[in-house]
Amino acid sequence: GDHTSGAPSIRISLGEQRAYFYKGGELVGISAISSGREGFDTHVGNFKIIQKNKDHKSNLYGDYVDAQSGAVVRKDISNKKDRRPPGTVFDGARMPYFMRITGGIGMHEGFRPGYAASHGCIRMPGFMAERFFASVSVGTPVTVVY
């Protein structure tokens, strides 16, 4: 889509686990995704990109690491539910190329096992997250459908 003109927009299909990138209404890119798993469903609806952060880190999910060495003490925790062991600090999960669409939900680079597996975010392969990130602005429309 580098040589296609027009306003960008994104359509996320939860049923297909795919993201579709459009420019001026013309489909110019498709990416595999992994959306929210049961209990952490990705919401359907019409949204807009409300924030972009190339080096975003989660403030809810991540690891507890030793405050001195940085070694992981407890992996894959929720700092709202899991007690912090003494001598550790919270290290938020990295979410490169984060494009927030609502609340704590956004699109970003992340692990995609081939099915819905996230805490609600829309994970993409790194090279696709980077391309989408470079091609959108705050205000770009995002439609999420089942």
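Treat the numbers as computed from the prediction; the structure is a model and nothing was measured. Every heavy atom of this structure was used, including side-chain atoms; hydrogens, water molecules and symmetry mates were not.
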Which atoms form the tightest heavy-atom contact between K52 and I49, and what is the distance? CG-CG2, 3.9 Å
Measure the spacing between CZ of R84 and CD1 of I77 and express it to the nearest 0.5 Å. 10.5 Å
Going through the checks in order, is the side chain to side chain contact (heavy atoms under 4.5 Å, CB included) test met by F47 and V144? CA-CA 8 Å; F47 307 96; V144 181; 3.9 Å; yes
For the side chain of T4 and the backbone of K23, is there at least one donor-acceptor N/O pair under 3.5 Å apart? no
What pair of heavy atoms forms the shortest contact from S118 to G120, and how long is it? OG-N, 3.0 Å
I'd like to know whether C121 forms a side chain to side chain contact (heavy atoms under 4.5 Å, CB included) with H108, so could you lay out the CA-CA distance, the side-chain angles of the two residues, the decisive distance to 0.1 Å, and finally the verdict. CA-CA 8 Å; C121 279; H108 62 83; 3.4 Å; yes
Parallel, tilted or perpendicular: ring planes of Y61 versus H119, cut at 30 and 60 degrees: parallel
Looking at R18 and I33, what are the two nearest heavy atoms and their distance? N-CG1, 3.5 Å
Would you name the heavy atoms of P85 and V73 that are closest together and state the gap between them? CG-CG1, 4.3 Å
When you measure from the side chain of T143 to the backbone of N46, do you find a donor-acceptor pair of N or O atoms at a distance under 3.5 Å? no
Please tabulate, for side-chain N and O atoms in residues 92-106, each donor-acceptor pair with protein atoms closer than 3.5 Å (sequence neighbours left out).
unit_1 : atom_1 : unit_2 : atom_2 : d
R94    : NH1    : D91    : OD2    : 3.4
R100   : NE     : Q51    : OE1    : 2.5
R100   : NH1    : G103   : O      : 2.6
R100   : NH2    : Q51    : OE1    : 2.9

To the nearest 0.5 Å, atom CZ of R131 lies from atom CE of M124 at 11.5 Å
CZ of F127 to CD of E109, rounded to nearest 0.5 Å, is 10.5 Å
What do the steps show when you test Y115 against S34 for side chain to side chain contact (heavy atoms under 4.5 Å, CB included), and what is the final call? CA-CA 6 Å; Y115 51 88; S34 180; 5.7 Å; no
Take D82 and N79 through the test side chain to side chain contact (heavy atoms under 4.5 Å, CB included) and record every step on the way to the result. CA-CA 5 Å; D82 300 304; N79 69 7; over 6 Å; no
A side-chain contact here means heavy atoms from C-beta on lying under 4.5 Å apart; do S35 and Q17 qualify? yes
May I ask you to decide whether D63 forms a salt bridge with R74, counting only side-chain N to carboxylate O separations under 4.0 Å? no
For residues 7-16, tabulate all N or O donor-acceptor pairs below 3.5 Å that involve a side-chain atom, not counting sequence neighbours.
unit_1 : atom_1 : unit_2 : atom_2 : d
S13    : OG     : E16    : N      : 3.2
E16    : OE1    : Y20    : OH     : 2.2

I30, Y22: one ILVMFWY side-chain cluster at the under-4.5 Å cut-off? yes
Would you give the length of the straight line joining atom CZ of R37 to atom OG1 of T42, rounded to the nearest 0.5 angstrom? 11.0 Å
How long is the gap from CZ on F90 to NZ on K57, to the nearest 0.5 Å? 8.5 Å
